[in-house]
Each structure stands twice: as structure tokens, then as C-alpha cells.
Amino acid sequence: MNLDESLLDDAGRLEAADALSLLPHTASAARQVRESWRLAQEAGVAALSADGRPRAIVVTGVGASGLAADVLDAVVGTAAPVPVITHRRHGLPGWVGVADVVLGVSASGTSAETCSAVEEALRRGCRLAVVSPPDTPLAHLAGLARAPFVALPTARPAQADLWSLAVPLLAVAASLGLLRDGGASVEAAAVRLEETAIRCRPASESFVNPAKTLALELAGSLPLWWGTTRLAEVAALRAAAMLAVNAWYPALVGALPHPAYEQAALLGGAFGAGAGGGADDDLDDFFRDRVDDEARTRLRLLVLRDGAGEHPDVGQAAERAAALAQQRGIGVTEFRLDGATPLERLASIVGLIDFAAVYLGLGLGVDPAAAPRLRRLDSTTR
């Protein structure tokens, strides 16, 4: 696995290699945020509040759409008076009924799981809203239900659609009283994404471009992403997803305190300091084969810190984890989510992660358009 470092500092070659135009799409995230907020308002999502606060909000979606549901859950937080449930399967849980709001989200509008759940919500008389491209099965179901429908633009690849999928859900939350100062929070997130797009632009060289720097740090390692809050955990999930689809690159995801307390054992394993016990002794062994050691794929710990919502015990655990990893010879990168609101803090790190995943994929010569897709596999494929 060889990363072409020279390509990262050649804006012309980057543009030529970017067959899906992922860099321009990533740079347009701020426009996505503002546009999606406006489209949600125009679609009439405020009508969902006419019958008062629901018992629960159930968001059904898979892939990037499922992550949009996680964004809603993390942004409204545990203090919200209404639970937000992410549902990634066919149908709906048995308890969902007329007292609940169901939000169907699909980047394609054809997801069998999401269509199944929306059909069931329609049958049970749930309050319903749908986010999908127009002229799709899911859009048709929204029409049958006379539900608010937010039409997704069809010009972007699904992996670049996170904000178009998530922001309408936040608009629903704001209309139901779960997200205060929703419009101001959305604008602050958009401004943050604009700043990231400037810092991470293709013409910016690696030594001053944080996304290119991160791509170089990730190359050749096995990333282990740990978030210190639910918001940071969602950012870690986004990181693993984008590395997979845009760079065909594996990553592990965890969170402090759980499951990081169990995953800490990885720091001494085959991808950490060394297989079996005595990892510290291995590091000090003068006679070990250092050529093999350098060629071995090693973990890299990436800690996403969210000071605004981080419990002090978790913050201390993050510091101990970073120290332990460094003692074991494992590279550590720490990020701080920055902003006055949860949405702004999430945007501050997701924008950087999205750019880094694209740069890593381009540097590795990956064509994301050629990635295998489960839904494309013939049933006879073995």
C-alpha cells in the first residue's frame, strides 16, 4: 500500500484523479447545510408539531442515512425530553404507533429497509416525514401519506450527502422543541464548514493543510478512533465510513468509556506493541528484527475530545489512553471538537475527516465509483 505523497501537493493531478468530484462536493458542505435547512422549512416539517410533542422520534435509514439519524440523536443530546431511536431494519418495532413521529431517510430513495419501515408507519397512522430524492419509491410513499417531503438533490454521490440528510431531521427536532436556536446553530455549523473548506482546499500544501496531514498520518496504519462523548463517537463513526467508501481503508471505532476499556487490549496485540504478553519488553529488545517491525501494520490511536460535553473521568481516561499508546510506540493524534453548540462542534471535525478520507483515497489511487456494493451483487454470487 503506497501513498503517492507528491499527488497530494499537486492540485491539477488531484482534480484529474477525483473522478467523482468528491473534493468539490466536500467543499460545498456549508451550502448543503443552509440549503437543506431552507428546503425543510419549505417542505412544512413544522406541521409535525401540530399534535404536540410525540412520545418518541424514530428515524429509519441505513448507511449514510442511518448516520444522519445518529447525528440527530447526538445533537439533541441526552437531555432531550423525547428519545430519538435509530432504526436500520425492515418494518418497525412493535411499540411504535400513533403517538410517535417516524422520519424516513434515504440517499437513494429505494432502500428496501426504509421503504418497509415507512409503509408500516403509514399503516399504523404515525406522524411521518420523508427525506429522499424525488421520483423514487420513498417519495411516492410520502405522497400517499401526504407527509412533509424534503427532496434531496440528485447530483451528489451518497457519501457527500450527510448534511442534506441530517439537517432536515434537525429542522424537525427544532419544530418539536428539541433543538433550541436551531437556525443560529445551523448557520454556525455552516460557517465552521466554510472555514474548514478553506484550510483543506486542494491548493493548500500538506504541511499547512490539516486534512492532507491527517491522510499522511493514516496511511499504512490501522486507525482506531475513540470519541469521548456521544457527539465525538458519531464523528468517529463518520470517519470509519468515509475511509471505507472513499479510500477502501479499514478502521476501528470505539468510544470512552465503552467499548474503549476492552479495546485498550489492542494496544498490546498484533497491531499494537506486539503479540502476546511482554509488549514493553519487545519494544526494548535490541535483537528484534527491526525491518520486520517497521513493515508491520500498526495501530494509530485517534482520540476525538469534546470538552463541552465530556465527563471529567472520561477526559482523564483519554489522557491515560494516549500516554499508554505512546509508551507502546503507537502513534497518537488528538482532535478537539470546537464550537458553541453541539452541531457546530460536530461540523468542526466532520469537515476535516471528510477531506482527509478523500485525500487518502486519491493518494492511494482508489476509484470510489468502482467500490463493491452489496445491493449490486447477484444472488448467485458466492
Side-chain angles (χ1 to χ4, degrees), residues 19-22 24-48 57-72 86-90 92 101-122 126-173 186 190 193 238 241-242 245-246 350 354 368-376:
L20 287 182
S21 298
L22 289 173
H25 286 309
T26 303
S28 73
R31 186 174 75 241
Q32 265 193 65
V33 167
R34 295 186 177 110
E35 176 188 56
S36 300
W37 181 261
R38 175 181 58 80
L39 290 174
Q41 306 304 320
E42 293 175 354
V45 297
L48 293 172
I57 298 175
V58 180
V59 189
T60 176
V62 295
S65 303
L67 187 64
D70 291 332
V71 169
L72 174 62
T86 302
H87 182 67
R88 292 181 168 90
R89 299 184 181 277
H90 293 80
L92 286 172
V101 166
V102 175
L103 306 177
V105 190
S106 173
S108 68
T110 61
S111 165
E113 296 87 351
T114 308
C115 287
S116 169
V118 169
E119 283 181 321
E120 188 63 21
L122 179 58
C126 303
R127 278 182 273 176
L128 179 67
V130 168
V131 182
S132 85
D135 302 318
T136 60
L138 201 57
H140 174 69
L141 289 171
L144 290 178
R146 298 183 179 179
F149 173 69
V150 183
L152 287 176
T154 57
R156 285 190 295 264
Q159 59 261 50
D161 253 348
L162 176 65
W163 301 112
S164 292
L165 296 164
V167 170
L169 307 183
L170 299 173
V172 171
V186 164
L193 289 166
R238 175 67 173 179
M242 290 302 94
V245 298
N246 288 336
V350 166
D354 285 359
R373 295 285 191 271
L374 289 180
R375 296 192 190 281
R376 294 179 187 170

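Remember, predicted model here, so these are calculated numbers, not experimental data. Worth knowing before you read on, the calculation uses all heavy atoms, side chains too, and leaves out hydrogens, waters and symmetry mates.
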Can you confirm whether more than 12 heavy atoms, excluding those of [X], are under 6.0 Å from its [atom1] atom?
{"X": "R38", "atom1": "CZ", "value": "yes"}
{"X": "R88", "atom1": "CZ", "value": "yes"}
{"X": "H90", "atom1": "NE2", "value": "yes"}

Closest approach of [X] to [Y] (non-hydrogen atoms, all atoms of both residues):
{"X": "A30", "Y": "A190", "result": "CB-O, 3.2 Å"}
{"X": "S65", "Y": "A107", "result": "OG-N, 3.2 Å"}
{"X": "P148", "Y": "G44", "result": "CG-O, 3.7 Å"}
{"X": "G66", "Y": "T86", "result": "O-CG2, 3.9 Å"}
{"X": "L20", "Y": "P368", "result": "CD1-CB, 3.8 Å"}
{"X": "S106", "Y": "L165", "result": "C-CD2, 4.2 Å"}

Min side-chain heavy-atom separation [X]-[Y] under 4.5 Å:
{"X": "L103", "Y": "L48", "answer": "yes"}
{"X": "C115", "Y": "L141", "answer": "yes"}
{"X": "L22", "Y": "P157", "answer": "yes"}
{"X": "D354", "Y": "R238", "answer": "yes"}
{"X": "V105", "Y": "V59", "answer": "yes"}
{"X": "Q32", "Y": "D161", "answer": "yes"}

So the salt bridge (Lys or Arg N to Asp or Glu O under 4.0 Å) pairs with at least one residue in residues 141-153 (sequence neighbours excluded) are none

Spacing of [X] atom [atom1] and [Y] atom [atom2] [to the nearest 0.5 Å]:
{"X": "E120", "Y": "T60", "atom1": "CD", "atom2": "OG1", "value": "11.0 Å"}
{"X": "F149", "Y": "L39", "atom1": "CZ", "atom2": "CG", "value": "10.5 Å"}
{"X": "Q159", "Y": "T26", "atom1": "CD", "atom2": "OG1", "value": "8.5 Å"}

- Message: Quick check against the 3.5 Å criterion: does T114 have a side-chain atom that pairs as donor or acceptor with the backbone of G104?
- Response: no

Indicate every side-chain donor-acceptor pair of residues 131-138 with a distance under 3.5 Å to a residue at least two apart or in another chain.
from: S132; atom 1: OG; to: T136; atom 2: OG1; distance (Å): 3.4
from: T136; atom 1: OG1; to: P133; atom 2: O; distance (Å): 2.9
from: T136; atom 1: OG1; to: A139; atom 2: N; distance (Å): 3.3

Which of S164, S28, S21 passes side chain to side chain donor-acceptor pair (under 3.5 Å) with R156? It is S164

